[in-house]
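So you know, we letter chains A, B, ... as the sequences are listed, proteins then strands, and number each from 1.
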There are 2 protein chains.
Amino acid sequence: MKLSLKVEYACQVLAQLARSFDKTEMPHIEELSRLEGIPSNYLVQILNELRNGGLIVSRRGKQGGYRLSRSPAEISLHDVVCAVDGELLGFSLKSGGQSAAKVAEAWTQVAKSFEAETRAINLENLIEESPEGMWYI
Amino acid sequence: MKLSLKVEYACQVLAQLARSFDKTEMPHIEELSRLEGIPSNYLVQILNELRNGGLIVSRRGKQGGYRLSRSPAEISLHDVVCAVDGELLGFSLKSGGQSAAKVAEAWTQVAKSFEAETRAINLENLIEESPEGMWYI
DNA sequence: CGCATTTTAGGTTTGTCACCTAAGATAAAA
DNA sequence: TTTTATCTTAGGTGACAAACCTAAAATGCG
(Lines give C-alpha, C1' and ligand atoms only; values in the text may rest on other atoms or scores of the structure.)
Protein backbone atom coordinates (compact mmCIF):
# COMPACT_ATOMS: atom_id res chain seq x y z
CA MET A 1 0.00 0.00 0.00
CA LYS A 2 2.66 2.49 -0.84
CA LEU A 3 3.17 5.04 -3.54
CA SER A 4 5.66 3.84 -6.13
CA LEU A 5 8.93 5.68 -6.47
CA LYS A 6 8.09 6.06 -10.14
CA VAL A 7 5.07 8.22 -9.34
CA GLU A 8 7.14 10.37 -7.01
CA TYR A 9 9.76 10.84 -9.70
CA ALA A 10 7.06 11.67 -12.22
CA CYS A 11 5.62 14.34 -9.91
CA GLN A 12 9.06 15.83 -9.39
CA VAL A 13 9.99 16.01 -13.03
CA LEU A 14 6.59 17.46 -13.92
CA ALA A 15 7.00 20.09 -11.23
CA GLN A 16 10.32 20.95 -12.80
CA LEU A 17 8.73 21.20 -16.25
CA ALA A 18 6.01 23.37 -14.76
CA ARG A 19 8.70 25.79 -13.61
CA SER A 20 10.05 26.17 -17.15
CA PHE A 21 6.70 26.10 -18.87
CA ASP A 22 6.84 29.71 -20.10
CA LYS A 23 10.52 29.65 -21.00
CA THR A 24 11.45 29.19 -24.66
CA GLU A 25 14.18 26.56 -24.29
CA MET A 26 13.10 23.07 -23.30
CA PRO A 27 15.09 21.30 -20.59
CA HIS A 28 16.59 17.96 -21.63
CA ILE A 29 16.95 14.72 -19.76
CA GLU A 30 20.36 15.24 -18.16
CA GLU A 31 19.28 18.59 -16.79
CA LEU A 32 16.05 17.22 -15.34
CA SER A 33 17.93 14.24 -13.95
CA ARG A 34 20.42 16.51 -12.18
CA LEU A 35 17.87 19.00 -10.83
CA GLU A 36 15.64 16.35 -9.31
CA GLY A 37 18.18 13.66 -8.46
CA ILE A 38 16.60 11.00 -10.65
CA PRO A 39 18.74 8.37 -12.44
CA SER A 40 18.64 9.48 -16.06
CA ASN A 41 18.25 5.99 -17.50
CA TYR A 42 15.15 5.51 -15.43
CA LEU A 43 13.88 8.99 -16.12
CA VAL A 44 13.82 8.18 -19.84
CA GLN A 45 11.16 5.56 -19.28
CA ILE A 46 9.09 7.81 -17.08
CA LEU A 47 9.17 10.67 -19.58
CA ASN A 48 8.16 8.23 -22.28
CA GLU A 49 5.11 7.13 -20.34
CA LEU A 50 4.20 10.72 -19.58
CA ARG A 51 4.39 11.46 -23.30
CA ASN A 52 2.25 8.45 -24.18
CA GLY A 53 -0.20 9.63 -21.55
CA GLY A 54 -0.39 13.01 -23.28
CA LEU A 55 0.97 15.04 -20.36
CA ILE A 56 4.15 16.23 -22.06
CA VAL A 57 5.48 16.75 -25.56
CA SER A 58 9.05 16.26 -26.73
CA ARG A 59 11.35 17.48 -29.46
CA ARG A 60 14.50 15.69 -30.54
CA GLY A 61 17.79 16.65 -32.05
CA LYS A 62 19.81 19.66 -30.95
CA GLN A 63 17.78 22.11 -28.84
CA GLY A 64 15.46 19.20 -28.07
CA GLY A 65 13.85 18.51 -24.72
CA TYR A 66 10.54 18.21 -22.93
CA ARG A 67 7.63 20.53 -22.19
CA LEU A 68 4.20 20.21 -20.60
CA SER A 69 1.43 19.73 -23.15
CA ARG A 70 -0.94 21.97 -21.19
CA SER A 71 -0.68 24.53 -18.42
CA PRO A 72 0.45 23.37 -14.95
CA ALA A 73 -2.97 24.13 -13.50
CA GLU A 74 -4.56 21.67 -15.89
CA ILE A 75 -2.49 18.66 -14.81
CA SER A 76 -3.52 16.94 -11.59
CA LEU A 77 -1.95 14.24 -9.44
CA HIS A 78 -4.71 12.00 -10.73
CA ASP A 79 -3.45 12.49 -14.29
CA VAL A 80 0.08 11.67 -13.21
CA VAL A 81 -0.84 8.44 -11.45
CA CYS A 82 -3.00 7.30 -14.37
CA ALA A 83 -0.26 7.99 -16.90
CA VAL A 84 2.48 6.27 -14.93
CA ASP A 85 0.76 3.60 -12.87
CA GLY A 86 -2.26 2.97 -15.06
CA GLU A 87 -4.63 2.70 -12.11
CA LEU A 88 -5.16 4.37 -8.79
CA LEU A 89 -6.16 2.13 -5.92
CA GLY A 90 -7.24 -0.89 -7.90
CA PHE A 91 -8.11 -4.23 -6.33
CA SER A 92 -8.55 -7.76 -7.48
CA LEU A 93 -12.27 -8.54 -7.79
CA LYS A 94 -11.87 -12.30 -7.39
CA SER A 95 -15.25 -12.21 -5.69
CA GLY A 96 -14.99 -15.82 -4.64
CA GLY A 97 -16.07 -15.64 -1.01
CA GLN A 98 -19.18 -14.74 0.92
CA SER A 99 -18.00 -11.25 1.91
CA ALA A 100 -16.05 -10.39 -1.21
CA ALA A 101 -18.77 -8.21 -2.69
CA LYS A 102 -19.23 -6.06 0.40
CA VAL A 103 -15.50 -5.68 0.83
CA ALA A 104 -15.15 -4.56 -2.78
CA GLU A 105 -17.98 -2.12 -2.28
CA ALA A 106 -16.31 -0.57 0.74
CA TRP A 107 -12.98 -0.17 -0.98
CA THR A 108 -14.64 1.27 -4.06
CA GLN A 109 -15.97 4.01 -1.85
CA VAL A 110 -12.48 4.68 -0.51
CA ALA A 111 -11.13 4.74 -4.06
CA LYS A 112 -13.74 7.34 -5.03
CA SER A 113 -12.64 9.71 -2.30
CA PHE A 114 -9.03 9.05 -3.18
CA GLU A 115 -9.65 10.01 -6.77
CA ALA A 116 -11.39 13.21 -5.77
CA GLU A 117 -8.48 14.17 -3.55
CA THR A 118 -5.87 13.58 -6.24
CA ARG A 119 -7.93 15.48 -8.79
CA ALA A 120 -7.91 18.48 -6.50
CA ILE A 121 -4.12 18.92 -6.50
CA ASN A 122 -2.34 20.14 -9.63
CA LEU A 123 1.17 20.99 -10.73
CA GLU A 124 0.76 24.65 -9.86
CA ASN A 125 0.32 23.64 -6.24
CA LEU A 126 3.68 21.91 -6.48
CA ILE A 127 5.59 25.05 -7.43
CA GLU A 128 3.91 27.64 -5.23
CA GLU A 129 6.26 29.51 -2.94
CA SER A 130 6.17 28.52 0.68
CA PRO A 131 4.41 31.34 2.60
CA GLU A 132 7.36 31.94 4.93
CA GLY A 133 10.12 31.09 2.48
CA MET A 134 12.67 28.47 3.42
CA TRP A 135 14.01 28.07 6.89
CA TYR A 136 17.19 26.18 7.56
CA ILE A 137 17.84 24.42 10.83
CA MET B 1 -0.84 1.76 -6.44
CA LYS B 2 -3.08 -1.18 -5.76
CA LEU B 3 -4.55 -2.77 -2.70
CA SER B 4 -2.77 -6.00 -1.82
CA LEU B 5 -4.70 -9.23 -2.02
CA LYS B 6 -3.65 -9.83 1.56
CA VAL B 7 -5.61 -6.82 2.76
CA GLU B 8 -8.66 -7.94 0.81
CA TYR B 9 -8.43 -11.40 2.34
CA ALA B 10 -8.04 -9.86 5.78
CA CYS B 11 -11.16 -7.76 5.29
CA GLN B 12 -13.11 -10.79 4.16
CA VAL B 13 -12.10 -13.02 7.02
CA LEU B 14 -12.76 -10.25 9.53
CA ALA B 15 -16.20 -9.71 8.04
CA GLN B 16 -16.81 -13.40 8.53
CA LEU B 17 -15.65 -13.23 12.15
CA ALA B 18 -17.88 -10.21 12.62
CA ARG B 19 -20.85 -12.35 11.58
CA SER B 20 -20.11 -14.94 14.26
CA PHE B 21 -19.08 -12.46 16.92
CA ASP B 22 -22.02 -13.15 19.23
CA LYS B 23 -22.07 -16.90 18.65
CA THR B 24 -20.47 -19.11 21.28
CA GLU B 25 -18.45 -21.43 19.05
CA MET B 26 -15.41 -19.94 17.33
CA PRO B 27 -14.91 -20.75 13.65
CA HIS B 28 -11.59 -22.40 12.79
CA ILE B 29 -9.28 -21.95 9.82
CA GLU B 30 -10.74 -24.54 7.46
CA GLU B 31 -14.22 -23.13 7.90
CA LEU B 32 -13.08 -19.56 7.28
CA SER B 33 -11.02 -20.69 4.32
CA ARG B 34 -14.03 -22.40 2.77
CA LEU B 35 -16.53 -19.61 3.41
CA GLU B 36 -14.35 -16.89 1.92
CA GLY B 37 -12.44 -18.85 -0.70
CA ILE B 38 -9.03 -18.11 0.78
CA PRO B 39 -6.20 -20.71 0.56
CA SER B 40 -5.95 -22.00 4.12
CA ASN B 41 -2.18 -22.10 4.18
CA TYR B 42 -2.07 -18.43 3.36
CA LEU B 43 -4.91 -17.60 5.70
CA VAL B 44 -2.84 -18.91 8.60
CA GLN B 45 -0.32 -16.14 8.12
CA ILE B 46 -2.95 -13.47 7.79
CA LEU B 47 -4.74 -14.56 10.96
CA ASN B 48 -1.41 -14.54 12.74
CA GLU B 49 -0.73 -10.95 11.77
CA LEU B 50 -4.24 -9.93 12.76
CA ARG B 51 -3.66 -11.53 16.15
CA ASN B 52 -0.31 -9.77 16.57
CA GLY B 53 -2.07 -6.55 15.62
CA GLY B 54 -4.57 -7.13 18.42
CA LEU B 55 -7.62 -7.35 16.18
CA ILE B 56 -8.49 -10.97 16.95
CA VAL B 57 -7.89 -13.55 19.66
CA SER B 58 -7.43 -17.27 19.21
CA ARG B 59 -7.90 -20.45 21.16
CA ARG B 60 -6.25 -23.72 20.28
CA GLY B 61 -7.02 -27.35 20.75
CA LYS B 62 -10.48 -28.86 20.32
CA GLN B 63 -13.22 -26.22 20.10
CA GLY B 64 -10.46 -23.79 19.15
CA GLY B 65 -10.75 -21.04 16.57
CA TYR B 66 -10.73 -17.30 16.12
CA ARG B 67 -12.81 -14.40 17.39
CA LEU B 68 -12.71 -10.60 17.16
CA SER B 69 -11.05 -8.98 20.16
CA ARG B 70 -13.57 -6.12 20.13
CA SER B 71 -16.95 -5.42 18.63
CA PRO B 72 -17.22 -5.13 14.81
CA ALA B 73 -18.08 -1.44 15.08
CA GLU B 74 -14.76 -0.79 16.78
CA ILE B 75 -12.57 -2.21 14.00
CA SER B 76 -12.01 0.01 10.97
CA LEU B 77 -10.43 -0.55 7.58
CA HIS B 78 -7.60 1.60 8.85
CA ASP B 79 -6.93 -0.91 11.62
CA VAL B 80 -6.92 -3.75 9.12
CA VAL B 81 -4.44 -2.14 6.75
CA CYS B 82 -2.12 -1.18 9.60
CA ALA B 83 -2.17 -4.69 11.05
CA VAL B 84 -1.56 -6.45 7.76
CA ASP B 85 0.40 -4.00 5.61
CA GLY B 86 2.08 -1.97 8.32
CA GLU B 87 1.50 1.34 6.55
CA LEU B 88 -1.17 3.02 4.54
CA LEU B 89 -0.03 5.11 1.60
CA GLY B 90 3.59 5.56 2.58
CA PHE B 91 6.21 7.05 0.30
CA SER B 92 9.96 7.18 0.14
CA LEU B 93 11.17 10.55 1.41
CA LYS B 94 14.45 10.45 -0.48
CA SER B 95 14.15 14.24 -0.69
CA GLY B 96 17.09 14.48 -3.06
CA GLY B 97 15.74 16.83 -5.71
CA GLN B 98 14.54 20.39 -5.95
CA SER B 99 10.83 19.54 -5.90
CA ALA B 100 10.92 16.54 -3.59
CA ALA B 101 9.74 18.46 -0.53
CA LYS B 102 6.68 19.95 -2.21
CA VAL B 103 5.77 16.62 -3.76
CA ALA B 104 5.98 14.93 -0.39
CA GLU B 105 3.84 17.66 1.12
CA ALA B 106 1.14 17.17 -1.49
CA TRP B 107 1.03 13.41 -1.06
CA THR B 108 1.01 13.76 2.71
CA GLN B 109 -2.22 15.70 2.33
CA VAL B 110 -3.67 12.93 0.18
CA ALA B 111 -2.59 10.36 2.74
CA LYS B 112 -4.37 12.31 5.49
CA SER B 113 -7.67 12.19 3.64
CA PHE B 114 -7.12 8.55 2.83
CA GLU B 115 -6.64 7.75 6.50
CA ALA B 116 -9.80 9.61 7.44
CA GLU B 117 -11.79 7.68 4.86
CA THR B 118 -10.53 4.28 6.01
CA ARG B 119 -11.17 5.18 9.64
CA ALA B 120 -14.78 5.91 8.78
CA ILE B 121 -15.59 2.40 7.56
CA ASN B 122 -15.80 -0.46 10.05
CA LEU B 123 -16.59 -4.16 10.05
CA GLU B 124 -20.25 -3.56 10.80
CA ASN B 125 -20.56 -1.78 7.47
CA LEU B 126 -19.23 -4.94 5.84
CA ILE B 127 -22.02 -7.16 7.12
CA GLU B 128 -25.02 -4.89 6.78
CA GLU B 129 -27.78 -6.30 4.65
CA SER B 130 -28.12 -4.86 1.17
CA PRO B 131 -31.23 -2.62 1.15
CA GLU B 132 -32.91 -4.52 -1.70
CA GLY B 133 -31.57 -7.95 -0.91
CA MET B 134 -29.74 -9.92 -3.58
CA TRP B 135 -30.70 -9.85 -7.22
CA TYR B 136 -29.53 -12.47 -9.64
CA ILE B 137 -29.11 -11.76 -13.35
C1' DC C 1 -2.76 -39.93 26.64
C1' DG C 2 -4.64 -38.72 21.95
C1' DC C 3 -6.61 -35.70 18.87
C1' DA C 4 -7.78 -31.25 16.82
C1' DT C 5 -6.35 -27.13 16.40
C1' DT C 6 -3.15 -23.18 16.44
C1' DT C 7 1.76 -21.64 15.97
C1' DT C 8 6.11 -21.18 13.90
C1' DA C 9 9.73 -21.71 10.65
C1' DG C 10 11.04 -22.43 6.61
C1' DG C 11 10.69 -22.99 1.09
C1' DT C 12 9.01 -21.98 -3.79
C1' DT C 13 7.42 -19.61 -7.53
C1' DT C 14 6.17 -15.82 -9.95
C1' DG C 15 6.27 -11.25 -10.80
C1' DT C 16 7.43 -6.38 -10.29
C1' DC C 17 10.38 -2.44 -9.19
C1' DA C 18 14.18 0.27 -10.05
C1' DC C 19 17.64 0.64 -12.92
C1' DC C 20 21.11 -0.24 -16.65
C1' DT C 21 22.95 -1.10 -21.59
C1' DA C 22 23.14 -0.33 -26.20
C1' DA C 23 21.75 0.50 -30.66
C1' DG C 24 18.73 3.34 -33.67
C1' DA C 25 16.03 7.67 -35.14
C1' DT C 26 15.69 12.56 -35.72
C1' DA C 27 16.73 17.22 -36.17
C1' DA C 28 19.61 21.33 -35.54
C1' DA C 29 24.09 23.19 -36.55
C1' DA C 30 28.74 23.44 -38.64
C1' DT D 1 26.52 16.80 -45.82
C1' DT D 2 28.65 15.52 -41.92
C1' DT D 3 28.61 16.05 -37.12
C1' DT D 4 26.56 16.25 -32.88
C1' DA D 5 23.11 16.50 -29.42
C1' DT D 6 19.28 14.90 -28.21
C1' DC D 7 15.14 11.66 -28.05
C1' DT D 8 13.37 6.64 -28.95
C1' DT D 9 13.09 1.84 -28.44
C1' DA D 10 14.14 -2.74 -27.03
C1' DG D 11 15.96 -5.54 -24.02
C1' DG D 12 18.26 -7.19 -19.75
C1' DT D 13 19.45 -7.66 -14.67
C1' DG D 14 19.45 -8.05 -9.72
C1' DA D 15 17.05 -7.54 -5.64
C1' DC D 16 12.95 -7.90 -3.45
C1' DA D 17 8.13 -8.89 -2.27
C1' DA D 18 3.62 -11.20 -3.01
C1' DA D 19 1.14 -15.25 -2.81
C1' DC D 20 1.27 -19.24 -1.92
C1' DC D 21 2.94 -24.29 0.04
C1' DT D 22 5.21 -27.81 3.34
C1' DA D 23 6.21 -29.69 7.57
C1' DA D 24 6.97 -29.92 12.20
C1' DA D 25 6.22 -28.22 16.91
C1' DA D 26 3.22 -26.33 20.65
C1' DT D 27 -1.05 -26.27 23.07
C1' DG D 28 -5.31 -27.28 25.06
C1' DC D 29 -9.72 -30.25 25.34
C1' DG D 30 -11.79 -34.56 26.31
Side-chain angles (χ1 to χ4, degrees), chain A residues 1-13 17 20 24-34 36-53 55-67 69 81 84-87 90-94 96-97, chain B residues 1-13 17 24-34 36-53 55-67 69 81 84-87 90-94 96-97 100:
Chain A
M1 193 69 264
K2 82 160 168 262
L3 200 64
S4 76
L5 193 51
K6 199 189 221 175
V7 171
E8 279 190 68
Y9 283 162
C11 291
Q12 287 183 241
V13 77
L17 291 176
S20 61
T24 59
E25 75 269 8
M26 306 161 76
H28 52 264
I29 287 190
E30 292 308 321
E31 199 175 338
L32 295 168
S33 163
R34 184 172 42 79
E36 292 298 339
I38 305 169
S40 63
N41 288 330
Y42 192 29
L43 184 54
V44 170
Q45 289 176 45
I46 297 173
L47 289 169
N48 225 324
E49 293 181 26
L50 291 175
R51 193 175 52 84
N52 291 335
L55 300 191
I56 62 178
V57 292
S58 57
R59 192 169 60 179
R60 30 182 168 184
K62 250 173 187 172
Q63 245 82 309
Y66 296 91
R67 178 195 307 267
S69 64
V81 176
V84 161
D85 257 22
E87 62 181 1
F91 38 87
S92 37
L93 265 307
K94 282 197 170 183
Chain B
M1 193 69 263
K2 83 159 168 263
L3 201 63
S4 78
L5 192 53
K6 199 191 223 175
V7 170
E8 279 191 67
Y9 283 161
C11 290
Q12 286 184 239
V13 77
L17 291 177
T24 59
E25 74 269 7
M26 306 160 75
H28 52 263
I29 286 190
E30 292 309 321
E31 200 174 339
L32 296 168
S33 161
R34 184 172 43 77
E36 294 297 338
I38 305 170
S40 63
N41 288 330
Y42 191 30
L43 185 54
V44 170
Q45 290 175 44
I46 297 172
L47 288 168
N48 225 323
E49 294 180 26
L50 291 175
R51 193 176 51 85
N52 290 335
L55 300 190
I56 63 177
V57 293
S58 58
R59 192 169 60 179
R60 29 184 167 184
K62 252 175 186 168
Q63 246 82 310
Y66 296 89
R67 178 195 306 267
S69 63
V81 175
V84 161
D85 257 23
E87 62 181 0
F91 36 88
S92 39
L93 266 307
K94 282 197 169 183

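With a 4.5 Å cut-off on side-chain heavy atoms, Ile46(A) and Lys6(A) count as touching. Inter-residue side-chain proximity for Leu47(B) and Ser58(B) is flagged as unmet; no heavy-atom pair is nearer than 4.5 Å. Taking 4.5 Å as the limit, every side-chain heavy atom of Ser4(A) sits out of range of all side-chain heavy atoms of Met1(B).
Residue whose closest nucleotide on DNA chain C sits further toward the 5' end, between Lys62(B) and Asp85(A): Lys62(B). With DNA chain C read from its 5' end, the first of the two nearest nucleotides for Gly64(B) and Val7(A) is the one closest to Gly64(B).
Arg60(A) places its CZ atom 9 Å from the C1' atom of dT6(D), with the value rounded to the nearest Å. One can place NZ of Lys2(B) at 8 Å from P of dC17(C), the figure rounded to the nearest angstrom. Put simply, CD on Glu49(B) is 16 Å from P on dT6(C), counting in whole angstrom units. One can place CZ of Arg67(A) at 13 Å from P of dC7(D), the figure rounded to the nearest angstrom. Residue Met26(B) contributes atom CE, which lies 14 Å from atom C1' of dA4(C) at whole-angstrom precision. Summarising the geometry, the separation between CG on Leu47(B) and P on dT6(C) is reported as 8 Å, rounded to the nearest angstrom. Between the CZ atom of Arg59(B) and the C1' atom of dT6(C) there is a distance of 12 Å, rounded to whole Å. One interatomic measurement links the two molecules: CD1 of Ile46(A) to P of dT9(D), which rounds to 16 Å at whole-angstrom precision.
For the OP1/OP2 pair of dA29(C) and a distance below 4.0 Å, the side-chain nitrogens and oxygens of Gln63(A) include at least one atom meeting the criterion. A sub-4.0 Å separation between OP1 or OP2 of dT5(C) and a side-chain N or O of Ser58(B) is absent. For the OP1/OP2 pair of dT5(C) and a distance below 4.0 Å, the side-chain nitrogens and oxygens of Tyr66(B) include no atom meeting the criterion. Remark: Arg51(A) is not in phosphate contact with dC7(D), judged by side-chain N or O atoms under 4.0 Å from OP1 or OP2. Checking the phosphate oxygens (OP1, OP2) of dC19(C), a side-chain nitrogen or oxygen of Tyr9(A) falls inside 4.0 Å. Contact check, Asn48(B) against dT6(C): no side-chain N or O comes under 4.0 Å of OP1 or OP2.
Summarising the geometry of Leu43(B) relative to Ser33(B), their closest heavy-atom pair is CD2-N, 3.7 Å, with the distance given to 0.1 Å.
For Leu5(B), counting side-chain heavy atoms from C-beta on, the closest listed nucleotide (dA19(D), dT6(C), dC19(C)) is dA19(D). Looking at the side chain of Val44(A), the nearest of the listed nucleotides dT6(D), dA19(D), dT8(D) is dT8(D). Listed nucleotides dA18(C), dT8(C), dT5(C) differ in distance to Ser4(A); the shortest reach to its side chain belongs to dA18(C). The side chain of Gln45(A) lies closest to dC19(C), out of dT7(C), dA19(D), dC19(C). Closest to the His28(A) side chain, of the nucleotides dC20(D), dC7(D), dT5(C), is dC7(D). Candidate nucleotides dA18(C), dC29(D), dT22(D) were compared by shortest atom distance to the side chain of Asn41(B), and dT22(D) ranks first.
Residue Ile29(B) is classed as a sugar-phosphate contact, given heavy-atom separations below 4.0 Å to backbone atoms only. Nucleic acid contact for Glu30(A): none, since no nucleic acid atom lies under 4.0 Å from a heavy atom of the residue.
Note that CD of Glu8(B) is 10.0 Å distant from CD1 of Ile38(B), once rounded to the nearest 0.5 Å. Expressed to the nearest 0.5 Å, how far CZ of Arg67(B) lies from CD of Glu25(B) amounts to 9.0 Å.
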